[in-house]
Novice: 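Let me give you the structure first, and then I'll get to my questions.
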2 protein chains.
Amino acid sequence: MGLRERKKQRTRDALIDAALDLFLSQGYEATTIDQIAAEVEVSPRTFFRYFASKEDVALSLTADEQEMFLAELVARPLSEPPFAALSQSMRAMLGILREIDGAEAGRIMKAQRLVHSTPSLLAGAMRLIRENERRLVAEVARRMGTAPDDLQSQLVVSVFVSIGLLCMNGPTEDLNGLARRYEDLLTLAERSLRPGWDLPVGSAEPEPEPEPASASASAAS
Amino acid sequence: MGLRERKKQRTRDALIDAALDLFLSQGYEATTIDQIAAEVEVSPRTFFRYFASKEDVALSLTADEQEMFLAELVARPLSEPPFAALSQSMRAMLGILREIDGAEAGRIMKAQRLVHSTPSLLAGAMRLIRENERRLVAEVARRMGTAPDDLQSQLVVSVFVSIGLLCMNGPTEDLNGLARRYEDLLTLAERSLRPGWDLPVGSAEPEPEPEPASASASAAS
DNA sequence: TGTCATCTGTCATGGACTGACATAAATTAC
DNA sequence: GTAATTTATGTCAGTCCATGACAGATGACA
């Protein structure tokens, strides 16, 4: 990789770091682009060459996580029922996040705290998730062998996304707490949904229901 | 009601009408506050005394509908299971909307078309709905006799809201088409959810399941 | 080294939104 | 009916976000 690329990456990271720090210390709306740019010793105009908006820099890590999640999903074996594939992808992503360390881990946790404590950013994060919902539906429909505008695949994704959003609504700011809350919600969802609800209607093989006794056995991971 | 109040109401309505017309003819982002204010022969500063933002005026009717829905919900008999109460409230609201006529009906349909055809406004509408979700959860929790931070009541509301959002995602711009789509989704949800899923776990009386044969009999209303 | 592509800073601009203050209008009191 | 009070509106100035245009600086590459 050339010097130019590395320099750009460093500027980008510096902008994210400066932005997160300022947002956390002064508040999101109280911080101006000029302050962020000054901190990195870059012109305000340059900021907008790296990020489309003030919100964009705050949510860039959230967007990255979305991409990670989608990548996990497409890598899941097709034999897995749709909802299980979604759940497992989420578990896998949380696992990866837990293993990250160094500067990137600090950024992620800062972003987590920031988004969670700023209403407009929380709304923005939900908007991001909603925007990705279309791609999730496409992938789920592919797995179910249905059209992308099929209501059932949309419902499956929608229920899954709802659970994810409920996780974010919770008071937790800790990654482990998030994972625990997520497993609680999955258990509740399992109790609420009919077995095989996420399989095509004519499907011969109904999704096998796990024994309820060991439902949350793998929660601690 | 005094002259002052009537004048204010007229100005407010005029601003909404001018805004909707301009948004629909020129596009939302291409329209400036100055244009709207000029149309009503009012200073731009006055616009912001009536609406907090450009988005606010576009979504004011959507916000009104949210209030209507919540009013319907609190008026539902407590004997109704939570999810049924939510569904019936939605049906009632759609019914009321269908009966409205005159200038108000025109406004509502314009707003419907506008929001549906403008991505950023669609996102805004979803944000509105999400913000009201907290109040819905409180009401549902009251009906279920659980705490407002109970996961189950949150899940019930979340599933319901998801169905509402899926309705909005559809290509329909017609009120009847919307209602039909809504009924389709409810049928699908019924097929996906366990009977009594929205009742407190220790509940002795499971929610009676309607015979599947006539599931969509009342769809046409 | 010289050419080229790309990144960056500077400048100018537009549009959303806000605070402060003065004016005009409606409400109320007398 | 007039005076005093309250409230809505207009004007003005200003901040901030965001974008286009252009020129200069810097790394890439022959």
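These numbers were taken from a predicted model, which means no experiment stands behind them. Side-chain atoms are counted along with the backbone in the values below, which use heavy atoms only and exclude waters and symmetry mates.
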Novice: Would you check, one step at a time, whether the test side-chain hydrogen bond (donor to acceptor under 3.5 Å, both in side chains) holds for B:D150 with B:Q154?
Specialist: CA-CA 7 Å; B:D150 173 61; B:Q154 291 185 35; over 6 Å; no

Novice: Quick one: which protein N/O atoms are closer than 3.5 Å to N/O atoms of nucleotides 9-12 of chain C? Pair and distance per line, please.
Specialist:
{"residue": "C:dG9", "atom": "OP1", "partner": "A:S43", "partner atom": "N", "Å": "3.3"}
{"residue": "C:dG9", "atom": "OP2", "partner": "A:S43", "partner atom": "N", "Å": "3.0"}
{"residue": "C:dG9", "atom": "OP2", "partner": "A:S43", "partner atom": "OG", "Å": "2.9"}
{"residue": "C:dG9", "atom": "OP2", "partner": "A:T46", "partner atom": "OG1", "Å": "2.1"}
{"residue": "C:dG9", "atom": "N7", "partner": "A:R49", "partner atom": "NH1", "Å": "3.2"}
{"residue": "C:dG9", "atom": "O6", "partner": "A:R49", "partner atom": "NH2", "Å": "2.5"}

Novice: Taking only side-chain N and O atoms of A:Y50, does any of them lie within less than 4.0 angstrom of OP1 or OP2 on C:dT8?
Specialist: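 For A:Y50, the contact criterion (side-chain N or O under 4.0 Å from OP1 or OP2 of C:dT8) is met.
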
Novice: Tell me, do A:V161 and A:L136 make a side-chain contact under 4.5 Å, heavy atoms counted?
Specialist: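 In short, these two side chains touch, coming nearer than 4.5 Å.
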
Novice: Just jot down the side chain to side chain donor-acceptor pair (under 3.5 Å) partners of A:R45, sequence neighbours excluded, or say none.
Specialist: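 For A:R45 there are no side chain to side chain donor-acceptor pair (under 3.5 Å) partners, ignoring immediate neighbours.
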
Novice: Between the protein and nucleotides 25-27 of chain D, are there any N/O to N/O pairs under 3.5 Å, and if so, what are the atom names and distances?
Specialist:
{"residue": "D:dT26", "atom": "O2", "partner": "A:R4", "partner atom": "NH2", "Å": "3.2"}
{"residue": "D:dG27", "atom": "OP1", "partner": "A:K7", "partner atom": "NZ", "Å": "3.1"}
{"residue": "D:dG27", "atom": "O3'", "partner": "A:R4", "partner atom": "N", "Å": "3.4"}

Novice: Looking at DNA chain D, which of residues 28-37 of chain A put a heavy atom within less than 4.0 Å of it?
Specialist: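 Nucleic-acid contacts, sorted: A:T31, A:T32, A:I33.
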
Novice: Kindly indicate whether the side chain of A:Q9, heavy atoms from C-beta on, has any atom under 4.5 Å from the side chain of A:R12.
Specialist: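 The answer is yes; the side chains approach within 4.5 Å.
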
Novice: Let me know the distance between CD of A:Q26 and P of D:dC16, rounded to the nearest Å.
Specialist: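 From A:Q26 CD to D:dC16 P: 11 Å.
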
Novice: Does some side-chain heavy atom of A:T187 sit less than 4.5 Å from a side-chain heavy atom of A:R191?
Specialist: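 Answer yes - side chains close enough.
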
Novice: Give a yes/no verdict on a cation-pi contact between A:K54 and A:Y28, requiring under 6.0 Å between NZ or CZ and the six-membered ring centre and an angle within 45° of the axis.
Specialist: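 Verdict for A:Y28: a cation-pi partner in A:K54.
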
Novice: Can you confirm whether A:N169 sits close enough to A:M126 that some side-chain heavy atom of one is under 4.5 Å from a side-chain heavy atom of the other?
Specialist: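 A:N169 reaches A:M126 side chain to side chain.
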
Novice: Write down the distance between CG (A:D56) and P (D:dT19), rounded to a whole number of angstrom.
Specialist: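 One finds 10 Å between P of D:dT19 and CG of A:D56, rounded.
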
Novice: Round to a whole Å and report the spacing from CZ of A:F48 to C1' of C:dT13.
Specialist: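 After rounding, the gap between these two atoms is 14 Å.
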
Novice: Check whether any side-chain heavy atom of B:R135 sits under 4.5 Å from a side-chain heavy atom of B:E67, and report yes or no.
Specialist: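 Yes; the side chains approach each other to less than 4.5 Å.
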
Novice: In whole angstrom, what separates B:F51's CZ from D:dA8's P?
Specialist: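 It is 15 Å, rounded to the nearest whole Å.
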
Novice: Looking at B:K54, does any N or O in its side chain come under 4.0 Å of the phosphate oxygens OP1/OP2 on C:dC17?
Specialist: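 No, outside the criterion.
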
Novice: Just jot down the ring-ring contact (aromatic ring centres under 6.0 Å, His included) partners of A:F48, sequence neighbours excluded, or say none.
Specialist: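 Once residues adjacent in sequence are excluded, A:F48 has no partner under the ring-ring contact (aromatic ring centres under 6.0 Å, His included) criterion.
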
Novice: Checking A:N176 now: which residues fulfil side chain to side chain donor-acceptor pair (under 3.5 Å) with it, not counting sequence neighbours?
Specialist: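 A:N176 satisfies side chain to side chain donor-acceptor pair (under 3.5 Å) with A:R98 once adjacent residues are dropped.
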
Novice: Heavy atoms from C-beta onward define the side chain here; which of C:dA16, D:dT9, C:dT8 lies closest to that of A:T11?
Specialist: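 Nearest nucleotide to the side chain: C:dT8.
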
Novice: If we count only N and O atoms by modelled type, under 3.5 Å, do the side chains of B:Q88 and B:R91 hold a donor and an acceptor together?
Specialist: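 The answer is yes; a qualifying pair exists.
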
